[in-house]
Every structure is written in C-alpha cells, then in structure tokens.
Amino acid sequence: MRIDLEVSLDPTLGCGQAHRWHKLDDGSWEGVWRNQVVTMKQISPTSVEVIGTDDRKGITRYLGGDDDLETIISEISKRDEYVASLTDRCPGMRILRQDHWECLATYLLATNANVKRIGQMVESVCDHFGDDLGRRHGFPTPKQILDGCGCIAECRLGFRESRFITLAERVESGDIDVESFSEMNYEECVAALQDINGIGPKVADCVALFAFENMEAFPIDARISKVMEDIYGVTGSYKAVSAYGREKFGEYAGYAQEFLYHADFISRQARSRNPCHCSWQKCRRSA
DNA sequence: CAGGTC
DNA sequence: CCTGG
C-alpha cells in the first residue's frame, strides 16, 4: 500500500520517539503496529510503501499525517531563528501518535537507560508476554504481563520491574484509566501521569507528547538539556527549562524540541565519525 | 555513566 | 537504584 504523505521515516521512526522500529538492510523500517508486523519504505520525500496493514487512515494518523507541517514549521520558526534554520534540514520529520498504553508502559522503562537499552527492555517484554506475530511479538496488554509475571525477572528491567508490574496492575484493575488522559489538557495530563509511580516530569512530558497529542509538551532529556544551555543559555530545574521551551515555542513546542533533538543527534554523529572536524577547529583557533 | 525517579 | 555498553 502506497501512502502519499510528506514524511521522512529516518528521523521520525529512528530517533527515539518509538522504540520498536528497526532499520533493515534494504533501508526499510520494520516494526509492530497494532499487533501487526509492519514494514515501511521511503519511496520519495512524499510517499512511503507500507506492508503488513491495509489501514491507510490509521497508519497515516500514526505517522502524524494529520499535522499540517507547513503551519507548524512556520509557527515555531517565527518564534526562533535557530529552530527556523533547522527545519529545512529535516523535511518531513513528524511526531508519531503512539498507542496510549504502549507508550506509557515503554516510557516507564526509559528511566536512567540509554536508547539501546530501552529498546532491549521493550523487545524483551514483548517477546516474553506479547502475542506471537511470527517475526516479532506484539506489545503485551496489562493482563498478559500479569499472567506471565512469574518470569519477568528474565526481562532484566532492574529497579523498573516493580514499577512496571504495579502499572500493569493499576491499569488492569481500572484504578488507572489510560483513555481518560486523552480528555485532559496538557497540565492535567502531565499531573495525572506523574501520579504513577516511576513517572516524573520528563517521562510525563514524553507520554503527553507522543501518545496524548499535547503538542506544547517540551520534554527535557539529557540531550535537550545540553542544547538549551549551549544554544539559549538556559539552565535550571526541569520545570524551569521545560516551561521556557513551552513559552518560547508555543503550541507546537514539541515539534521544536524534535528539531533541536534531531539536529544535535546528527551533529554529534558527524563529529564522532569525523574526528578531523575537531582538529580543524584546533587549527583555526591556533591560527 | 546512561533519554530519571523515589 | 538494576543493568550493560
């Protein structure tokens, strides 16, 4: 199935928003979406070939296809020159609309772990408890996790394990109604999320942005924290830096965050691959 | 020490 | 604090 949409899969699927997409040797992306093994391949800047589902509307929505990129980019660009300069470099990057439960449970595991390790933990949890889909496993429901939780130690979640089980219990019992979060505005949503053990301000912002469509959320992770200091000279508490981002970039601050994140990701990647960039700077300085 | 949280 | 790159 071919989808005509301005979207760039590499920065959208491969930069840490969601954790189940793997890039295959042929350049396509394989992941699991709604318990279907889905493959997406970039055909042109404005079209992708999707295999594994025929839900055109659903997958388009998942890819953030309902967002008007032109409006969003113009809005965040007029608020900041630096972000404006980044948007051209990364056309078609979008914010995903992830499954509510999967996103929440995944980001609960994301504390104090690097991207690679988050992916390992998530994949392990899926392999242990999720539906067998052939090549991959689905993301488990709360019930599947609780039914199989005797062997959860094998997933090696560390100190996140008990939080993960407790979350599954609270959702399964109805104590937490995940769907109710989508009715809330940003402040309410983040506050409700932070009532969950193991979820602080950073994870709450990520889930509010990537699952519950609060596009003004501005999550501050280690990378963005450095960017905010280096580019804008902003330091301080999580609350302060995040509020600065929301106020500066406005209702689409989450998109601004993704552009800042992606630009830093690319520049660090280039620096580590090309050490002579550093020596060039030294030469220049000594000259 | 790592995309934090208790 | 768990665990692993």
Side-chain angles (χ1 to χ4, degrees), chain A residues 10-22 93 95-96 98 102-128 145 149 151-170 176 189-212 214 217-231 234-246 253-269 271-273:
Chain A
D10 285 4
T12 302
L13 300 177
C15 278
Q17 285 188 54
H19 296 86
R20 299 212 63 200
W21 294 97
H22 305 325
M93 182 175 68
I95 289 182
L96 299 169
Q98 298 181 232
E102 177 174 338
C103 185
L104 174 58
T106 293
Y107 273 93
L108 184 81
L109 300 177
T111 57
N112 220 71
N114 58 32
V115 180
K116 183 167 183 187
R117 192 151 179 245
I118 298 167
Q120 285 172 349
M121 289 188 285
V122 172
E123 215 57 28
S124 178
V125 161
C126 292
D127 288 343
H128 277 84
I145 293 165
C149 74
C151 64
I152 189 142
E154 291 173 18
C155 297
R156 311 198 69 79
L157 308 181
F159 62 85
R160 305 160 196 84
E161 180 186 294
S162 59
R163 299 170 177 178
F164 190 72
I165 298 287
T166 303
L167 175 63
E169 283 170 349
R170 291 187 65 188
I176 294 174
C189 182
V190 165
L193 286 166
Q194 289 193 68
D195 276 340
I196 297 168
N197 187 275
I199 297 191
K202 189 268 175 180
V203 169
D205 271 334
C206 287
V207 177
L209 178 61
F210 298 137
F212 294 109
N214 293 107
F218 194 82
I220 311 293
D221 57 36
R223 183 187 297 277
I224 292 297
S225 178
K226 284 183 199 126
V227 172
M228 295 306 284
E229 177 166 8
D230 295 349
I231 308 289
V234 176
T235 56
S237 67
Y238 184 95
K239 206 178 154 189
V241 180
S242 176
Y244 177 92
R246 284 197 306 281
Y255 263 92
Q257 194 264 20
E258 282 301 298
F259 280 111
L260 291 166
Y261 183 96
H262 186 260
D264 187 70
F265 178 82
I266 295 296
S267 88
R268 278 170 206 281
Q269 192 172 264
R271 244 171 287 173
S272 64
R273 266 216 275 278

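Just so it is clear: chains get the letters A, B, ... in the order the sequence lines come, proteins before strands, and each one is counted from 1.
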Separation of K202(A) atom NZ from dT5(B) atom C1', in whole Å? 12 Å
With heavy atoms under 4.0 Å as the rule, sort C15(A) into base, sugar-phosphate or nothing. base
Once you apply a heavy-atom cut-off of 4.0 Å, does I199(A) come out as touching a base, just sugar-phosphate, or nothing? sugar-phosphate
Nearest whole angstrom, please: distance from the C1' of dG4(B) to the CZ of R223(A). 16 Å
Side chain to side chain, R20(A) and E123(A), heavy atoms closer than 4.5 Å: yes
So what does G158(A) touch, heavy atoms closer than 4.0 Å: a base, only the sugar-phosphate, or nothing? base
Classify Y238(A) by what it touches in the nucleic acid, base, sugar-phosphate, or nothing, heavy-atom distance under 4.0 Å. nothing
Taking NZ from K226(A) and C1' from dC1(B), how many angstroms apart are they, rounded to a whole number? 11 Å
Examine distances only and state if a side-chain atom of H128(A) and a backbone atom of S124(A) form a donor-acceptor pair shorter than 3.5 Å. yes
Note: contacts of residues 106-126 of chain A with DNA chain C (heavy atom, under 4.0 Å) are N112(A), R117(A), Q120(A)
Any non-hydrogen side-chain atom of I196(A) less than 4.5 Å from a side-chain atom of L104(A)? yes
Do side-chain atoms of S242(A) reach the backbone of Y238(A) as a donor and acceptor pair under 3.5 angstrom? no
Contact class for P201(A) (heavy atom, under 4.0 Å): base, sugar-phosphate, or nothing? sugar-phosphate
I'd like to know if the side chain of T166(A) pairs up with that of R170(A) as donor and acceptor (distance under 3.5 Å, no hydrogens or angles considered). no
Starting at CD1 of I196(A) and ending at P of dC6(B), how long is that distance when rounded to a whole Å? 10 Å
Nearest-Å distance for atom pair CG/P, residues D195(A) and dC6(B): 10 Å
Can you tell me how far P of dC1(B) sits from CG of D221(A), to the nearest Å? 19 Å
Roughly how far, to the nearest 0.5 Å, is CG of L96(A) from CG of L209(A)? 10.0 Å
With side chains defined as the heavy atoms from C-beta onward, is the minimum distance between R163(A) and T111(A) less than 4.5 Å? yes
Using whole Å, report how far CZ of R163(A) lies from P of dC6(B). 6 Å
Outermost contacting nts on DNA chain C, any atom under 4.0 Å from chain A heavy atoms, listed 5' then 3', are dC1(C) to dG5(C)
Y261(A) side chain vs I224(A) backbone, donor-acceptor pair below 3.5 Å: no
When rounded to whole Å, the CD to P distance for the pair E258(A) and dG3(B) reads 15 Å
Report which part of the nucleic acid G16(A) touches: base, sugar-phosphate, or nothing (heavy-atom distance under 4.0 Å, all strands). base
Rounding to 0.5 Å, atoms OG1 (T106(A)) and CD1 (I118(A)) come to a distance of 9.0 Å
Distance (rounded to the nearest 0.5 Å) between F164(A) CZ and E169(A) CD: 12.0 Å
With R160(A), which of L167(A), L108(A), N112(A) fulfils side-chain contact (heavy atoms from CB on, under 4.5 Å)? N112(A)
D205(A) and F218(A), any side-chain heavy atoms less than 4.5 Å apart: no
Using Watson-Crick or G-U wobble pairs with both distances under 3.5 Å, give me DNA chain B in dot-bracket, 5' to 3', with [ ] for crossers and | for pairs to another strand. ||.|..
